[in-house]
Amino acid sequence: MSFQLYNSASRKKEVFRPIKNGEVGIYVCGVTVYDLCHIGHARSAIVFDVLVRYLRARGFKVTYVRNFTDIDDKIIERANKTGEDTATLAKRYINAFYEDMLSLGVLDADIEPKATEHIDDMIDMVRSLIEKGFAYVVDDTVYFSVEKFDSYGQLSGRQIEDMAAGARVAVDEKKKYPMDFVLWKGAKPGEPKWKSPWGDGRPGWHIECSAMSCKYLGPNFDIHGGGRDLLFPHHENERAQAMAANGVNFANYWVHNGFLTVEGEKMSKSLGNFITIRDALTSYHPQELRLFLLSKHYRSPLDFSRSAMLETRSGLVRIYRTLQRVEEIIGPYKNDTNNTFLYHVGDNDFKNRFIHVMDDDLNTAAGLGLVFDKVRDINRLIDSPAQKTDITSQLVKERKDLLDCSKALGLLEGEPSHFFKKIIKTSPEVAAEEIEKMIKERQKARKAKDWASADAIREELSRKGVILEDGPKGTGWRLRI
RNA sequence: GGCGGCAUAGCCAAGUGGCUAAGGCAGCGGUCUGCAAAACCGUUUUACACCGGUUCGAAUCCGGUUGCCGCCUCCA
């Protein structure tokens with residue numbers, strides 16, 4: 001099977017055919033940098049991170065562009081509150097964004113353009129739209145005329161008449177038609193501004209993505225992504241502008257991720273359930289967050305909750321325990337995988353099954369099902385009565401299969417010991433030497449079959465968060481999770 | 001009002017016409033263990049919202065009903 005993607009434009013799954021064979025250009029709407037990113041941003045970032053990782057692993061040469069909106073009304077508003085200028089505020093939150101993405105293991109995009117660095121490109125596009133009759137100037141503001149663009153509404157599947165009828169917002173009286181939107185906005189006194197043929201001002205929100213995507217990927221490119229909410233009006237408007245200006249189709253595939261709710265409710269500041277990425281990471285490991293966010297199909301709504309995160313933790317702990325068992329037998333994993341590890345997989349049954357589900361519109365939930373299957377297989381193998389020497393080479397292969405596929409999901413890249421170290425909340429109240437001493441004492445008692453004393457020692461350690469595990473090679477210990 | 005989505009076991013979640021409907025979590029029973037832990041095996045009364053239709057055959061397609069949600073305004 002070849003790679004299939006759900007295209008919001010056609011409302012169907014389609015076989016993915018890139019414009020240039022083997023190459024993919026993808027543009028994803030990034031964040032408006034006026035505040036810290038929340039876990040909804042994390043979902044979007046991780047979904048497209050996995051899309052890019054997967055396409056690369058499948059052998060595509062991917063050019064990934066993700067922008068920063070570093071000038072808009074919200075930024076101006078916030079800067080007025082904090083007393084900073086907009087550029088300083090934006091810079092601060094761009095840095096915070098990078099920190100968050102780094103901790104989540106989200107790879108940088110190849111090109112990360114900022115709106116304020118592409119004002120000239122936007123002005124060019126607006127000028128061209130005016131020349132072609134798709135836009136009109138009223139005072140110092142430029143509007144896009146949706147009635148002039150025939151296929152307006154096609155992307156989001158709406159009729160302009162329906163929308164106009166149901167409009168809930170007071171219409172700007174300068175507009176010729178209620179659905180028209182701003183391409184260039186005149187600056188009020190004290191607002192940040194750039195020079196333009198229509199007076200000092202700033203670009204409208206939608207024009208930046210049209211201008212920057214076309215600049216870096218060409219007027220017609222492969223994939224355009226973003227959150228479900230951006231479909232209308234943002235993407236509809238982006239498409240209209242770009243196609244009107246360039247006269248060719250814009251993005252061929254539109255990919256939108258579903259929304260994240262928190263304990264069943266939409267995240268909003270008024271409800272007070274707005275969870276930033278850094279909030280979440282104080283309670284959960286980044287890998288837990290990633291596993292959770294990938295456990296449901298990317299287009300479906302997903303509910304973030306304490307109980308769901310704890311379930312995720314249990315599953316992830318099992319996976320890492322298994323990796324730790326493997327490591328004890330065959331040593332640490334050395335990643336020597338090439339970049340296109342899901343391209344030529346031959347008769348590797350596991351990878352083929354993984355590709356089969358992931359090729360179907362990036363079915364990460366099904367992919368994770370396979371990961372858990374593999375974990376069970378590996379545990380079975382270790383528990384099997386076969387000699388250790390017999391299973392070594394098999395374990396090497398099984399672990400590589402597991403970690404290769406996980407790599408496409410951005411999971412399990414760290415060492416198990418690091419994971420456990422980070423996830424353990426209950427710090428031991430006793431020093432490691434003390435624990436070792438008590439284990440030796442308990443061993444003596446066990447030899448003498450003094451079970452009462454042995455159990456008492458185990459109980460005492462358990463109260464301090466130390467779990468003992470008796471095995472054939474002696475007694476090991478770990479902290480309770 | 002307009003447009004769209006979703007409904008699968010105790011919970012989470014794949015599956016879109018046909019073998020025993022993935023996987024995870026939780027519970028229970030068992031193997032192992034002195035007892036545990038971990039792991040493995042088994043199991044959790046009729047799990048596909050309801051009604052009707054198409055079909056030899058539907059969780060899957062079509063129509064309707066109910067419920068939940070999103071977008072239509074800044075929003076990942």
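Throughout, protein chains are lettered first and strands after them, A, B, ... in sequence-line order, and every chain is numbered starting at 1. This one's a predicted model, so the numbers in the text were calculated from it and none came from an experiment.
- Within 4.0 Å of A:N257, counting heavy atoms only, lies at least one base atom of the nucleic acid.
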For this session: Apply the test salt bridge (charged side-chain N to carboxylate O under 4.0 Å, His left out) to residues A:E436 and A:K440: give CA-CA distance (whole Å), side-chain angles for both, the deciding distance (0.1 Å), then the verdict.
Result: CA-CA 6 Å; A:E436 295 296 342; A:K440 273 188 191 143; over 6 Å; no

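- Ranking B:rG34, B:rA39, B:rA76 by closeness to the A:W451 side chain, first place goes to B:rG34.
- Here A:R43 lies out of heavy-atom contact (under 4.0 Å) with every strand.
- When atom types are taken as modelled, the side chain of A:S210 and the backbone of A:E238 share a donor-acceptor pair closer than 3.5 angstrom.
- Here side-chain hydrogen bond (donor to acceptor under 3.5 Å, both in side chains) pairs that include residues 102-114 of chain A, with residues two or more places apart or in two chains, are A:R56-A:D110, A:R66-A:E112, A:Y98-A:E112.
- Rounded to whole Å, the distance from CD on A:E469 to C1' on B:rA39 is 10 Å.
- When only modelled atom types and interatomic distance are considered, A:S283 and A:R306 share no side-chain donor-acceptor pair under 3.5 Å.
- Atom name P, nucleotides B:rC69 and B:rC62: the rounded distance is 25 Å, in whole Å.
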Exercise. Using Watson-Crick and G-U wobble pairs with both distances under 3.5 Å, what is the 5'-to-3' dot-bracket string of RNA chain B, with [ ] for crossing pairs and | for pairs outside the strand?
Worked result: (((((((..(((.....[....)))((((((.......))))))....(((((..]....))))))))))))....

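- Residue A:R299 is classed as having no contact, given no heavy-atom separation below 4.0 Å to the nucleic acid.
- Here, B:rG67 and B:rC51 have their C1' atoms 15 Å apart, quoted to the whole Å.
- With respect to A:R92 and A:E84, a salt bridge is recorded, a charged nitrogen being found less than 4.0 Å from a carboxylate O.
- Nucleotide B:rA38 holds its P atom 15 Å from the CG atom of A:L479, rounded to whole Å.
- In this structure, A:H235 places its NE2 atom 20 Å from P of B:rG70, rounding to the nearest Å.
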Every protein N/O lying under 3.5 Å from an N/O of nucleotides 25-30 of chain B:
residue: B:rC25; atom: OP1; partner: A:R318; partner atom: NE; Å: 3.2

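- Taking atom P on both nucleotides, B:rA76 is separated from B:rU46 by 48 Å, rounded to a whole Å.
- No close placement of the A:Y64 and A:Y27 rings is indicated, their centers lying 6.0 Å or farther apart.
- A:R353 meets the salt bridge (Lys or Arg N to Asp or Glu O under 4.0 Å) test with A:D349; sequence neighbours excluded.
- Among the heavy atoms of the strands lying under 4.0 Å from A:A365 is at least one base atom, whether or not backbone atoms are also near.
- In this structure A:K13 satisfies the salt bridge (Lys or Arg N to Asp or Glu O under 4.0 Å) test together with A:D360, sequence neighbours excluded.
- Across all strands shown, A:D303 has no heavy atoms under 4.0 Å from either base or sugar-phosphate atoms.
- Distance check on atom C1': B:rC25 versus B:rG34 gives 31 Å, rounded to whole Å.
- Proximity of a side-chain donor or acceptor of A:D70 to a complementary backbone N or O of A:A87 within less than 3.5 Å is not detected.
- Of the side-chain N and O atoms in A:N363, one or more sit less than 4.0 angstrom from OP1 or OP2 of B:rG15.
- Using a 4.0 Å heavy-atom cutoff across all strands shown, A:K449 reaches no nucleic acid atom at all.
- Nucleic acid contact class of A:R306 (heavy atoms, under 4.0 Å, all strands): none.
- Counting non-hydrogen atoms under 4.0 angstrom, A:H38 reaches a base of the nucleic acid.
- Among the heavy atoms of the strands lying under 4.0 Å from A:D455 is at least one base atom, whether or not backbone atoms are also near.
- The same atom, P, is picked in B:rU45 and in B:rG10; the two are 6 Å apart, to the nearest Å.
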Pair up each side-chain donor or acceptor in residues 414-421 of chain A with any protein partner under 3.5 Å, not counting sequence neighbours, and list the distances.
none

